Amino acid sequence: MKDDNPARPIIQARQVNKRFGAFQALKNVSATFYEGQVTAIVGPSGSGKSTFLRTLNRLEAHDSGEIVIDGIELNSNLKNLDAIRREVGMVFQSFNLFSHLSILRNITLAPMRVRKMDRADAEVKARQLLERVGLQSQADKYPLQLSGGQQQRVAIARALAMDPKILLFDEPTSALDPEMVNEVLSVMRELAYSGITMLVVTHEMGFAREVADRIIFFDHGVILEDTTPDVFFSNPAHERAQVFLSQVRHGF
Amino acid sequence: MNWTRHNPGWTMFAAMIGLLVFLWGLAVPLSSAPAPIGPAAGQFVEGARITVWLTLIAGSAGVVIGIIAGLGKLSRFRPLRWLCDMYVWLIRGTPLLLQILFVWLVAPTILPEGFDLSDFACAAIALSLNVGAYNTECVRAGILAVPYGQIEAAHALGLTTLQTFIDVILPQSMRVALPALANNLASLVKDSSLAYAISVVELTMVGYRVQAESYQPVPVFITVAAIYLILTTAFTTLTAALEAQLAVGQRR
């Protein structure tokens, strides 16, 4: 467990609302996240946890409310959006590696295009990141030649190549075969202790309990619990959280 | 074809060299053929060159038009969508021969004084517009086939809309669109024969003239057909190799 008195707020969400047609996915969600904090966002399917994560880099635009990332307001202003997306990396459930590019090019693309890094530097950096996720020998392969777990580790390396201040994980292990979950979690564990700010939407309760500094429990578009893992797993305040935990408890 | 798939670069190179050698050296075997082919060898070569030029120019312009109009059809800006719909509707709904005659007859009346379009240019414009309309639908289908997750991943990495299009959407959509685009190119080789109607002396026109002088249509048209077959073979080999090149990283 890391320091519980975090330094600086890096994400501030205030009264965020999002609806899809008649369905209100987020209802006045407010939360502040601090630099270096690792937060696990849990909750039943359809509770709004992924939607919330996706509003933080505007893959979903929020309808009302305010989101400020590292001092920049997230709104329809493209300059702000570009600045925020440079600082916020994302790892998807379905990896979303660029299927037409080699592993190395997947990682070098954004640094070269967005940060204007030259190819040689970008490749050196990409190879270092591949080594960090244990895939240095796969640089010249294509995404579909790798297993799901390997692809997700490449996706993490790709996000890290932009040196983000914040990493968002949207159910990073949910599309994986069980035997591949651990290789991805161990990379994430290593990252969590490196001091980067992480928000992880996950169903891996064991991981959440072990690695997260903070647990947020979503239900029906609102944050029901916002507490430490110890409190959440041993003594959740809300009945819905208790029910949820009893349903997922077989996992750990 | 298997060799093509494994050596796309070499195949493309070989097809292009083959095409050039063919156009360059065609006169040699033809001139040693008996009458009525031998004496008209020069005309056949000239006709074949015009046909290839028309195909290359209209084929390239058609791809550019197809990409622009294909994007236009997917635009959020309604007037642009209507304009592109109208273009495709108009071109697909009228005969190519009419379009060629139309450009040829109308161009002089709308162009400023002293600005003269050659017959060849009129044919190239009409063919470009025609093949462009058919390409539009292929490109649109290709773009729609790109999984949305690929676009989200590019945005999350901070790539701008234009960078996302050039680096991710275009290459991925092309591998879907290419077989259909290749089909259109093969049609174009033969459709270029309609340029004879506005007195462009391409291959079919040459055949028509030679048989009219010699009263021997059978050997003349067999020669013309053979040249067309060789040309379409070269073009389809080229596009098949390109397809193999783009298919890299795909499951087969």
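Naming convention: chains lettered A, B, ... in sequence-line order (proteins, then strands); numbering from 1 in each chain. Note that this is a predicted model, so its numbers are computed, not measured.
Here the side chains of A:Leu109 and B:Leu157 are not in contact, with every heavy-atom distance at 4.5 Å or above.
Between atom CG of residue B:Asp167 and atom CG of residue A:Leu101 there is a gap of 7.5 Å, rounded to the nearest 0.5 Å. We find the CZ-OG1 distance between A:Arg113 and B:Thr164 to be 11.0 Å, quoted to the nearest 0.5 Å. Separation of atoms OG1 (B:Thr161) and CG (A:Asp82) is listed at 8.0 Å; rounding is to 0.5 Å.
Atom NZ of A:Lys116 has more than 12 neighbouring heavy atoms from other residues, nucleotides or ligands inside a 6.0 Å radius. The number of heavy-atom neighbours closer than 6.0 Å to CZ of B:Phe13, taken from other residues, nucleotides and ligands shown, is 12 or below.
When all heavy atoms of B:Gly149 and A:Asn96 are compared, the closest pair comes out as O-ND2, 3.1 Å. Taking all atoms of both residues into account, the shortest heavy-atom contact from B:Gly158 to A:Arg85 is CA-CB, 3.9 Å. Between B:Ala156 and A:Phe92 the shortest heavy-atom distance is CB-CZ, 4.0 Å. Across all non-hydrogen atoms, the minimal contact from B:Val168 to A:His100 is CA-CE1, 3.8 Å.
With respect to chain B, the highest number of heavy-atom pairs below 4.5 Å among A:Arg58, A:Arg158, A:Glu87 belongs to A:Arg158.
Of the atoms belonging to A:Arg115, not a single heavy atom falls under 4.5 Å from chain B. Within the 4.5 angstrom heavy-atom criterion, only side-chain atoms of B:Gln163, from C-beta onward, approach chain A. A:Leu97 touches chain B through its backbone: at least one of N, CA, C or O sits under 4.5 Å from a heavy atom, while the side chain does not. Using a 4.5 Å cut-off between heavy atoms, A:Ser99 touches chain B through backbone and side chain atoms alike. For A:Phe98, the parts lying near chain B are the backbone and the side chain together; criterion is any non-hydrogen pair under 4.5 Å.
Listed by chain and residue number, A:Phe52 satisfy the ring pair (Phe, Tyr, Trp, His ring centres under 6.0 Å) test with A:Phe218 (two or more places apart in sequence, or in another chain). Take B:Leu170 and apply the side-chain contact (heavy atoms from CB on, under 4.5 Å) test, not counting sequence neighbours, and it matches B:Ile67, B:Phe165, B:Ser173, B:Met174.
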